[in-house]
Novice: 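Quick one: this structure, given as structure tokens, is what I'll be asking you about.
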Amino acid sequence: VFYRDSILAAALKAAGVAYLLIYIMQFYRFILFLTALWTS
Amino acid sequence: MLLHINGEEREFPDGLTVAALVAQLGMKPDRVAVELNLEIVPRTAWDNTTLKSGDKLEVVHFVGGGGISHELEPQAIAEPDHANTTSEPWTCATCSATGRGMFCPDCGEKRPSRHDLSLHHFFTHALGEFFHFDSKIFRTFRLLFTQPGFLAAEYIRGCRKPYLHPFQVFFVANLIYFFLQPIIGWSGLRTWLYVQMHMMPYSKLATRMVADRILAKGMSLKDFTAAFDHVVDVQARTLVIVMVPLLALLLALVQWRKRRFFGEHLVFALHFIAFWLVGMFVLLYGGSVIVLKWLGHYGMHFPDAKVDAFLFPITRASRPFTCIWHSACSTAIPSLPRP
């Protein structure tokens, strides 16, 4: 049970981090967009 | 038994260990690294590693001042009758130190031999230097892809001579990137105006902002697109370099509790971006267009896929970085709904 729980916890944590990563990447692209918009 | 040392075949007595071989070659053990059949043999394992016929060895001799030499001069060593190859002391022409082996114990200069100036030796030596330098690059890049994270861990552990310096790895990767990128025409770090206006979650906002900007500047959309994409192109070239400290900073934040030096994160970031740059072309040539389209369909960008490809094996290859293994699990991103 401990094994299964720890796997589940890790998977959830990983999914959370992954989801956050997508937001970060899109935020990063948006920043690039703003930079290019204001300098062109 | 027959051994291949630095690409040359040589005969040795059976049952020879690595330590015995190094001694037989007249090299100082603390200035030599040995690679046996493409694997580095740790110095602690030299006494227990017995060589067998057909083994392929790379013996690297470190030179004071940061240089590296593969010179073994097997022919000269194999000629015990030659006056210069006996264990008689000799004076180094470079630093005037006295030594007995094939190389100066202080600066690593090779013991002079009259054979050095023969035309055959001269060209063999020149080619050897070139290809051995190459082999160091290949070894480093092979490990970068086969054991991601290993190079960073090795660098931090202190084992640095057999590999390229992280900055060199980054430099070579950049060369590959800048030479191949225009040929392939892939718009790597570039998010063109069309993509910003049509394919991002914030595209509606972006379109409004672009419309305002066009009105303010009194330009046509076509002209503005050209100007915007030109800026994006310039931006992308800068980003390759800027991404290194940014990634290092991100890692430092993620691992702030571990109190690591920023340099450690920088080493990892350099290796990672190098992997990323070269991996881009490996993936492009790997016929993975369909996979990429599929990932793109789910809002997954090219870089993210490579992040996973690099991070996932790290969980096994490099203990110092296990804490970021969570990120590796983002291979599951495509199955998640888009934010």
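Throughout, a chain's letter reflects where its sequence line sits, starting with A, and its residues are numbered from 1.
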Novice: Mind checking ring pair (Phe, Tyr, Trp, His ring centres under 6.0 Å) for A:Phe27 and listing every partner two or more places apart, or none if nothing turns up?
Specialist: none
Novice: If the condition is ring pair (Phe, Tyr, Trp, His ring centres under 6.0 Å), which residues does B:His198 pass it with, not counting sequence neighbours?
Specialist: B:Tyr194
Novice: Could you check B:Tyr155 against B:Tyr163 for ring-ring contact (aromatic ring centres under 6.0 Å, His included), going step by step and ending with a plain yes or no?
Specialist: CA-CA 9 Å; B:Tyr155 189 88; B:Tyr163 315 109; 9.6 Å; no
Novice: Please list, in residue-number order, every residue in residues 206-216 of chain B that has a heavy atom less than 4.5 Å from any heavy atom of chain A; write 'none' if there are none.
Specialist: B:Ala206, B:Met209, B:Val210, B:Arg213
Novice: Looking only at atom types and distance, does a side-chain atom of A:Ser40 sit under 3.5 Å from a main-chain N or O of B:Val231, one as donor and one as acceptor?
Specialist: no
Novice: Write out all pairs satisfying ring pair (Phe, Tyr, Trp, His ring centres under 6.0 Å) with one or both partners inside residues 208-228 of chain B, taking only residues at least two apart or from two chains.
Specialist: A:Phe33-B:Phe228
Novice: Can a donor-acceptor pair be found, under 3.5 Å and without considering hydrogens, that links the side chain of B:Glu264 to the backbone of B:Phe261?
Specialist: yes
